[in-house]
J.: 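Sharing a structure below in structure tokens format, with a few things to ask.
In what follows, residues are counted from 1 in the order of the sequence shown. Predicted, not measured: the structure shown is a model, and the values here were computed from it. Whatever order the structure lists ligands and atoms in, that order sets their numbers, starting from 1.
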Amino acid sequence: MPALHALIVVDPQVDFCPGGALAVANGDSIMPHINTMMPSFDKVFITQDWHPEGHSSFASQHEGAVAYSMIDMAYGSQTLWPDHCIAGSVGADFHPDLNTDYAAAIIRKGMNPMVDSYSAFFENDQTTTTGLGDLLRAHDIGSVTLVGLATDFCVAWSAADAAKLGFNVTIDLKACRAIDLNGSLDKSLDVMRSVGVTLTH
Ligand code: VGL
Ligand code: ZN
């Protein structure tokens with residue numbers, strides 16, 4: 001079993017914090033917790049939601065569609081979002097309260113205009129890899145703790161994929177905040193328990 005334990009900080013970005021384009025309630029309040037946690041892990045990785053303008057997950061690209069509704073894409077059903085985390089924009093920056101100095105690597109995702117990527121490991125087609133799984137193995141990582149935004153989307157999808165890839169997975173909920181769309185938080189926590197993810201506070 002690979003020996004090391006990584007902290008994966010998911011999408012700690014301006015657009016997911018109060019005042020941002022896809023604001024998560026109290027999203028900014030997790031940054032001090034994450035800063036405190038980082039030094040006690042062997043390695044830290046940070047993901048960054050990073051979309052081209054006109055990304056297909058944006059409601060603005062679908063005539064008559066409203067944000068937070070669902071549509072069918074070639075790869076399955078997809079929630080439509082407000083335009084957010086446009087590559088190079090201020091909204092895509094890491095939150096200014098986050099200390100990024102510990103990061104061994106920053107993994108960008110969501111760059112394919114036709115496919116969204118909630119997970120840090122695979123795009124929403126569930127097959128196109130970001131390379132993070134191999135990167136963690138190359139660093140001798142066997143266990144991962146996930147924190148960040150949002151609990152019920154990018155954190156949960158990343159945790160499920162990490163478990164599928166054979167990592168020991170924990171989500172630390174004190175350093176996560178949720179979008180909670182139509183019960184998505186409870187649903188995602190049930191899925192987490194059923195795939196063997198440990199939930200801590
Ligand atoms: C996320 C919706 C769209 C997330 C990213 O980080 O949870 N949610 N893009
Ligand atoms: Zn996104």
Side-chain angles (χ1 to χ4, degrees), residues 7-31 34 45-62 65-71 73 75-95 98 100 103 106-126 128 130 132 144 146-162 169 171-173 175-189 191-192 197:
L7 180 69
I8 301 180
V9 184
V10 177
D11 300 358
Q13 290 167 261
V14 169
D15 267 345
F16 297 123
C17 291
L22 209 177
V24 178
N26 302 309
D28 54 337
S29 68
I30 66 173
M31 306 303 161
I34 296 172
F45 299 87
I46 308 179
T47 72
Q48 193 169 25
D49 208 41
W50 195 255
H51 298 304
E53 275 181 47
H55 191 265
S56 58
S57 73
F58 297 166
S60 61
Q61 302 306 302
H62 302 269
V66 294
Y68 305 102
S69 64
M70 308 281 299
I71 55 156
M73 299 287 277
Y75 53 84
S77 90
Q78 168 72 45
T79 302
L80 293 177
W81 304 106
D83 290 23
H84 66 278
C85 297
I86 307 284
S89 71
V90 171
D93 281 347
F94 293 128
H95 190 276
L98 183 78
T100 59
I106 292 163
I107 314 302
R108 288 180 171 160
K109 62 184 182 62
M111 299 172 78
N112 180 345
M114 291 312 296
V115 184
D116 205 3
S117 189
Y118 295 153
S119 165
F121 295 91
F122 296 100
E123 294 184 355
N124 288 10
D125 62 9
Q126 318 257 343
T128 309
T130 64
L132 180 58
V144 295
L146 291 109
V147 295
L149 306 171
T151 318
D152 41 347
F153 287 91
C154 291
V155 174
W157 285 51
S158 297
D161 282 344
V169 186
I171 295 177
D172 192 334
L173 292 168
C176 298
R177 293 293 180 274
I179 296 173
D180 204 10
L181 206 56
N182 306 315
S184 58
L185 177 58
D186 281 346
K187 222 178 292 170
S188 70
L189 295 179
V191 171
M192 292 302 97
V197 171

J.: Measuring from atom 2 (C) of ligand 1, which candidate in Phe153, Trp81, Trp157 has the nearest non-hydrogen atom?
T.: Trp81
J.: Show me, pair by pair, the donor-acceptor contacts under 3.5 angstrom made by side chains of residues 17-29, not counting sequence neighbours?
T.:
| residue | atom | partner | partner atom | Å |
| --- | --- | --- | --- | --- |
| Ser29 | OG | Asn26 | O | 2.6 |
| Ser29 | OG | Arg177 | NE | 3.4 |
| Ser29 | OG | Arg177 | NH2 | 3.1 |

J.: Any side-chain to backbone donor/acceptor pair from Ser77 onto Ile71? Under 3.5 Å, distance only.
T.: no
J.: Between Lys109 and Asp116, does any side-chain N to carboxylate O distance fall below 4.0 Å?
T.: no
J.: For ligand 1 and Leu149, I'd like to know whether there is a polar contact (N/O to N/O, distance under 3.5 Å).
T.: yes
J.: Run the contact test for Gln13 against ligand 1 with a 4.0 Å cut-off on heavy atoms, strictly below, and give the result.
T.: no
J.: May I ask you to identify, for Val155, whether its side chain, its backbone, both or neither come under 4.0 Å of ligand 1 on a heavy-atom basis?
T.: neither
J.: Using the side chain to side chain donor-acceptor pair (under 3.5 Å) criterion, which residues pair with Tyr68? Sequence neighbours excluded.
T.: none
J.: Starting from atom 4 (C) of ligand 1, what is the nearest protein heavy atom, named by residue and atom, and what distance separates them?
T.: Cys154 SG, 2.7 Å
J.: What protein N, O or S atoms come within a distance below 2.8 Å of the Zn ion (ligand 2), ordered by chain and number?
T.: Asp49 OD2, His51 NE2, His84 NE2
J.: Under 4.0 Å from a heavy atom of Ala150: give me the atoms of ligand 1 that qualify, with their elements.
T.: 4 (C), 6 (O), 7 (O)
J.: Taking atom CE of Met114 as the centre, report whether more than 12 heavy atoms of other residues, nucleotides or ligands fall under 6.0 Å from it.
T.: no
J.: Take a 6.0 Å sphere around CD of Glu53 and say whether it holds more than 12 heavy atoms from other residues, nucleotides or ligands.
T.: no
J.: Which residue owns the protein heavy atom closest to atom 6 (O) of ligand 1, what's the atom, and how far is it?
T.: Asp11 OD2, 2.7 Å
J.: Any side-chain donor paired with an acceptor under 3.5 Å for Asp11 and Gln48?
T.: no
J.: Can you tell me how the ring of His51 sits relative to the ring of His55, calling it parallel under 30°, perpendicular over 60° and tilted otherwise?
T.: tilted
J.: Is there a nitrogen or oxygen of His84 sitting under 3.5 Å from a nitrogen or oxygen of ligand 1?
T.: yes
J.: With respect to Ile179, determine whether any N or O atom, backbone or side chain, lies less than 3.5 Å from an N or O atom of ligand 1.
T.: no
J.: Ser188: which residues meet the side-chain contact (heavy atoms from CB on, under 4.5 Å) condition with it, sequence neighbours left out?
T.: Asp152, Ala156, Leu185
J.: Less than 3.5 Å apart, any donor N or O on the side chain of Asp125 or Thr128 sitting next to an acceptor on the other?
T.: yes
